[in-house]
Amino acid sequence: MGGLSIWHWLIVLAVVLLVFGTKRLTSGAKDLGSAVKEFKKGMRDEDKPAGQLGDQSRKDETASDKQRDDDHVQR
């Protein structure tokens, strides 16, 4: 008594599905998964030396500048 059995959890799951719907739950799960992925990526980047991080950010800036230039030329 006091612990929840599998039947209690199934009932809770059914109520949650009825209240939120599967579409909202799947989009929430996707958002949670992408947040965890970004967090892990940030933790890996934190372990790299500062010089490596600076080089990567410069590459990203150069790529974004080139994209902006390309967009400007197309207009």
Side-chain angles (χ1 to χ4, degrees):
M1 200 166 156
L4 295 176
S5 71
I6 188 71
W7 295 109
H8 290 109
W9 288 113
L10 289 175
I11 292 171
V12 168
L13 178 63
V15 169
V16 168
L17 284 173
L18 287 173
V19 170
F20 293 110
T22 57
K23 193 175 209 179
R24 190 179 288 177
L25 289 177
T26 55
S27 67
K30 285 181 186 177
D31 291 342
L32 181 63
S34 64
V36 170
K37 188 176 182 179
E38 288 295 319
F39 177 76
K40 287 182 179 180
K41 181 181 174 187
M43 293 301 289
R44 279 194 306 263
D45 288 347
E46 189 175 286
D47 293 338
K48 291 182 181 178
Q52 289 181 350
L53 288 176
D55 293 342
Q56 182 62 33
S57 64
R58 282 188 218 122
K59 289 178 187 175
D60 292 342
E61 288 175 7
T62 305
S64 63
D65 290 342
K66 185 177 180 180
Q67 181 64 33
R68 272 188 255 139
D69 292 341
D70 291 343
D71 289 344
H72 183 66
V73 170
Q74 291 175 353
R75 291 183 185 168

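Side-chain atoms are counted along with the backbone in the values below, which use heavy atoms only and exclude waters and symmetry mates. All values derive from a computational prediction rather than experimental measurement.
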Report the hydrophobic cluster partners of L18, with the cluster defined as I, L, V, M, F, W, Y residues connected by side-chain heavy atoms closer than 4.5 angstrom, directly or transitively. none
Indicate, with yes or no, if L25 and V15 share a hydrophobic cluster defined by side-chain heavy-atom contacts under 4.5 Å among Ile, Leu, Val, Met, Phe, Trp and Tyr. yes
If you look only at pairs with a residue in residues 12-27, which of them pass as a side-chain hydrogen bond (donor to acceptor under 3.5 Å, both in side chains), with sequence neighbours excluded? none
For the hydrophobic clusters of this structure (ILVMFWY residues joined by side-chain heavy atoms under 4.5 Å, transitively), does one cluster hold both L13 and F20? yes
Within the 4.5 Å heavy-atom criterion, are H8 and V12 side-chain neighbours or not? no
Going by side chain to side chain contact (heavy atoms under 4.5 Å, CB included), name the residues that satisfy it together with K30, two or more places apart in sequence or in a different chain. none
